[in-house]
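Below: one structure, written as structure tokens.
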Amino acid sequence: MMALQQELIQKAQSKEAYDEIANEIFRLRGLRQKTTIDTAARDEQIKRINDLQDYIAQQTTHLTEFDESLVRRWIKQITIWDDHITVELKSGVSIDVDL
């Protein structure tokens with residue numbers, strides 16, 4: 001991007017292809033911003049998954065019956081379709097279960 005900016009300065013002085021290079025710089029800036037946002041979202045999802053794994057690892061008892069508080073802690077939403085069920089975890093992971 002630095003090379004393009006230097007080229008843009010040179011082209012601006014000679015009035016050659018200024019708009020083309022300026023548009024490329026704006027496009028690259030947009031890509032960089034999108035990449036930064038995507039990386040932050042991915043890092044947050046990894047953190048939520050790790051938090052759930054840590055919570056599971058800390059449980060000392062073996063579950064023998066339904067625990068509503070546990071379900072509410074892990075599950076964001078359950079969607080029932082004609083042929084499958086989609087379970088969305090709070091970590092961002094979705095699981096499809098065929099009926």
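Side chains included, hydrogens not; waters and symmetry mates left out as well; all remaining heavy atoms used. Note that the coordinates shown come from a computational prediction; the quantities given were computed from them, not determined experimentally.
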[Y] reachable from [X] in the ILVMFWY side-chain graph, under 4.5 Å edges:
{"X": "V97", "Y": "I80", "value": "yes"}
{"X": "I75", "Y": "V93", "value": "yes"}
{"X": "V71", "Y": "I49", "value": "yes"}
{"X": "I25", "Y": "L28", "value": "yes"}

Look up atom CG in L99 and atom NE2 in H84, then write down how far apart they are to the nearest 0.5 Å.
->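 Nearest 0.5 Å value for the CG-NE2 distance: 8.5 Å.
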If you measure from CG on L89 to CD1 on I78, what distance do you get to the nearest 0.5 Å?
->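 Separation between the atoms: 9.5 Å.
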Please confirm whether the backbone N or O of R72 pairs with a side-chain atom of K90, one donor and one acceptor, at under 3.5 Å?
->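 Between the backbone of R72 and the side chain of K90 there is a qualifying donor-acceptor contact (under 3.5 Å).
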K47 vs D51, salt bridge (charged side-chain N to carboxylate O under 4.0 Å, His left out): CA-CA, chis, key distance, verdict = CA-CA 6 Å; K47 181 187 176 310; D51 289 347; 2.9 Å; yes
Side-chain heavy-atom pair R29, Q33 within 4.5 angstrom cut-off |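 Side chain of R29 against side chain of Q33, heavy atoms only: no contact under 4.5 Å found.
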Please determine, by modelled atom types, if E88 and T86 share a side-chain donor-acceptor pair under 3.5 angstrom.
->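 No donor-acceptor contact under 3.5 Å links the two side chains.
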F66, CZ atom: more than 12 neighbouring heavy atoms under 6.0 Å |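 Counting neighbours around CZ of F66, more than 12 heavy atoms of other residues, nucleotides or ligands fall under 6.0 Å, so yes.
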